[in-house]
Enquirer: 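Pasting a structure here, questions to come.
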Protein chains: 2
Amino acid sequence: MNARRHPGQRYPGQRAGLTKEQVIATANDVLADGGFGALTMRAVAERLAVAPNALYSHVANKTELVDEVLDATLRTIREPATDDVEAVLREIMAETLTALLRHPDLMPAFLARQGSRGPHARRLGDIMAAALERVGITGSDAVEARRVLIVYTIGFAAFAAGPPEGNPVPLDELQHNFASGLQWLLAGILAGRC
Amino acid sequence: MNARRHPGQRYPGQRAGLTKEQVIATANDVLADGGFGALTMRAVAERLAVAPNALYSHVANKTELVDEVLDATLRTIREPATDDVEAVLREIMAETLTALLRHPDLMPAFLARQGSRGPHARRLGDIMAAALERVGITGSDAVEARRVLIVYTIGFAAFAAGPPEGNPVPLDELQHNFASGLQWLLAGILAGRC
DNA sequence: AGCTAAACTGGACGTCGTACAGCTCAACGT
DNA sequence: ACGTTGAGCTGTACGACGTCCAGTTTAGCT
């Protein structure tokens with residue numbers, strides 16, 4: 001029940017009581033409703049019933065806003081509760097895919113930023129690194145393995161967006177497809193180690 | 001020695017003698033010089049010393065222009081001259097990566113279009129399908145395998161672009177990294193088949 | 001020779017991100 | 001209790017973008 005007033009309700013100096021979290025959450029809503037093309041400073045501002053430039057009090061620029069939305073997408077992902085290294089990796093990548101699929105058309109931006117640099121992305125990276133370390137994969141090998149898995153996962157999510165035209169590739173087929181490739185990658189990464 | 005006159009040299013009705021190929025090639029140059037952000041109808045037009053809207057005689061809109069540039073990137077890739085199926089796939093993906101790396105920051109757009117629909121992209125797809133068929137991989141299995149390989153390759157190319165900030169990841173490391181993952185995928189795809 | 005369709009120019013519209021200046025209210029030190 | 005200050009807003013505006021419309025000319029066909 002978000003009170004959606006028209007703008008111009010406030011005179012200069014009056015505050016709207018925004019927070020950075022609200023701005024990010026609203027950007028998320030706009031994205032969900034209208035896709036990446038609809039994600040506009042002005043659109044977000046309108047939903048919040050503020051002037052467009054009011055957002056710049058909470059966000060440096062649009063790039064940062066997108067980064068923030070990107071990282072927020074990964075917030076819900078939890079560390080798998082298993083000891084099996086392969087299972088940990090498989091689950092966390094699958095969860096990541098699911099999370100990313102909530103905003104498929106954000107993936108190009110995501111990929112361009114190498115999977116976001118925010119705290120949640122870093123957390124996932126750490127979980128992966130820890131899992132790999134437990135089977136003796138460290139240093140540049142670990143970097144390599146992580147990179148391969150991340151690229152693969154984000155790539156798949158981006159692929160799911162696809163062009164508006166044509167067959168959107170059914171979701172379950174896509175997930176099955178994802179699982180196959182992931183299995184191969186994990187087999188390669190963990191070959192002879194567990 | 002491209003005559004680079006300022007615009008306004010021509011009066012209405014006079015022709016500049018453009019071709020669609022010229023427009024695409026120039027778009028390519030703009031991209032190479034200034035990155036994706038610089039790829040603008042107006043910028044392309046300026047290089048060609050025509051008014052911005054003159055481009056619309058040769059291209060429907062910017063989306064089509066980008067698609068065209070995307071597909072042109074794959075033009076140079078030739079079919080590998082081997083009988084070994086694994087080698088064919090490995091080489092063609094490696095060549096694709098090299099081609100794509102010429103415009104890393106175009107990759108997000110590329111991925112969003114599921115690897116472009118143009119004739120050259122289709123040709124590569126056919127080569128892959130033929131190779132897979134020779135080891136008995138057909139139907140949905142073949143689709144799956146192709147998808148995994150394409151997503152992986154484009155993903156890697158996109159990754160190479162990365163943010164302007166920070167370490168750009170050295171090229172040879174990236175290629176070695178790519179080769180590792182590719183090897184794993186191929187092993188999985190071809191397991192017990194050749 | 002005449003006609004038509006295509007290739008341009010000039011100008012404009014609507015939208016975008018964002019800078020600048022001013023207003024005003026909440027929080028704080030005294 | 002009261003200035004002071006700085007943060008959160010509004011209004012306005014700028015420059016760049018994609019693209020449409022209306023003209024003008026020319027190439028090519030009949």
Side-chain angles (χ1 to χ4, degrees), chain A residues 3-27 30-31 33-69 105-106 108-109 112-113 164, chain B residues 3-27 30-31 33-69 105-106 109 112 164:
Chain A
R4 182 104 59 92
R5 287 151 299 191
H6 345 119
Q9 219 81 344
R10 243 177 328 272
Y11 43 84
Q14 230 182 9
R15 317 212 160 178
L18 292 188
T19 64
K20 186 168 187 177
E21 285 72 33
Q22 265 181 62
V23 172
I24 298 170
T26 305
V30 171
L31 197 58
D33 281 11
F36 190 55
L39 181 50
T40 288
M41 291 288 149
R42 292 174 142 89
V44 175
E46 191 180 0
R47 281 222 190 191
L48 291 164
V50 296
N53 39 359
L55 304 180
Y56 289 86
S57 292
H58 304 93
V59 163
N61 46 41
K62 187 178 180 182
T63 301
E64 193 198 297
L65 178 57
V66 172
D67 278 340
E68 236 32 279
V69 171
D105 55 349
L106 202 53
R113 287 170 173 73
Chain B
R4 183 103 59 94
R5 285 150 298 191
H6 346 117
Q9 218 80 343
R10 243 176 328 273
Y11 43 83
Q14 231 182 8
R15 316 215 159 177
L18 293 188
T19 64
K20 186 168 186 177
E21 285 72 32
Q22 263 181 63
V23 172
I24 297 170
T26 305
V30 171
L31 197 58
D33 280 11
F36 190 54
L39 182 50
T40 286
M41 292 288 150
R42 291 175 143 89
V44 175
E46 191 180 0
R47 281 222 190 190
L48 292 164
V50 296
N53 39 0
L55 304 179
Y56 289 86
S57 293
H58 304 93
V59 164
N61 45 42
K62 187 179 179 181
T63 301
E64 193 198 298
L65 178 56
V66 172
D67 278 341
E68 247 14 293
V69 171
D105 54 348
L106 201 53

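Naming: A, B, ... by sequence-line order, numbering from 1 per chain.
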Enquirer: How long is the line joining CG of N61(A) and P of dC16(C), in whole Å?
Expert: 17 Å
Enquirer: Have a look at A54(A) and say if it touches a base, only the backbone sugar-phosphate, or nothing, with a 4.0 Å heavy-atom cut-off.
Expert: base
Enquirer: Rounded to the nearest Å, what distance is computed from the CE atom of residue M41(B) to the P atom of nucleotide dC20(D)?
Expert: 11 Å
Enquirer: Quick check for you: among dC9(D), dC25(C), dT9(C), whose closest atom lies nearest to any side-chain atom of A16(A)?
Expert: dC9(D)
Enquirer: Taking atom P of dG8(D) as reference, at what distance in whole Å does atom NZ of K20(A) sit?
Expert: 12 Å
Enquirer: Distance check needed: dC16(C) C1' versus L65(A) CG, whole Å only.
Expert: 14 Å
Enquirer: For dG11(C), does the base pair up with any side-chain atom of N53(B) as donor and acceptor (N or O, under 3.5 Å, distance only)?
Expert: yes
Enquirer: Closest-nucleotide mapping onto DNA chain C: is R42(B) or T19(B) further toward the 5' terminus? I mean the 5' end.
Expert: T19(B)
Enquirer: Roughly, in whole Å, what's the span from CG in L48(B) to C1' in dA7(C)?
Expert: 14 Å
Enquirer: Output the distance between atom NE2 (H58(A)) and atom CG (L65(A)), rounded to the nearest 0.5 Å.
Expert: 12.0 Å
Enquirer: Among L39(A), I24(A), L31(A), exactly one meets side-chain contact (heavy atoms from CB on, under 4.5 Å) together with V44(A). Which residue is that?
Expert: L39(A)
Enquirer: For a quick test of reading the model, state the closest non-hydrogen atom pair linking V30(A) to R47(A) and the distance between them.
Expert: CG2-NE, 3.7 Å
Enquirer: With sugar-phosphate meaning primed atoms plus P, OP1 and OP2, does S57(A) contact a base, only sugar-phosphate, or nothing at under 4.0 Å between heavy atoms?
Expert: base
Enquirer: If only side-chain N and O atoms of R10(B) are considered, is one of them under 4.0 Å from the OP1 or OP2 phosphate oxygen of dT9(C)?
Expert: yes
Enquirer: Does Y11(B) make a side-chain N or O approach to OP1 or OP2 of dT9(C) shorter than 4.0 Å?
Expert: no
Enquirer: Rounded to the nearest angstrom, tell me the gap between atom CG in L18(B) and atom C1' in dT9(C).
Expert: 13 Å
Enquirer: Return the value, rounded to whole Å, for the distance between atom CZ of F36(A) and atom C1' of dC16(C).
Expert: 13 Å
Enquirer: Starting at atom CD of E46(A), determine the distance to atom P of dT10(D), rounded to an integer number of angstrom.
Expert: 13 Å
Enquirer: Quick check against the 3.5 Å criterion: does T40(A) have a side-chain atom that pairs as donor or acceptor with the backbone of A43(A)?
Expert: no
Enquirer: Closer than 3.5 angstrom, by distance alone: can the side chain of R10(A) be matched with the main-chain N or O of A51(A) as a donor-acceptor pair?
Expert: no
Enquirer: When you check the phosphate oxygens OP1 and OP2 of dC9(D), does a side-chain N or O of H58(A) lie under 4.0 Å from one of them?
Expert: yes
Enquirer: Using the side-chain heavy atoms of R15(A), tell me which of these nucleotides is nearest: dG11(D), dT19(D), dA7(D).
Expert: dA7(D)
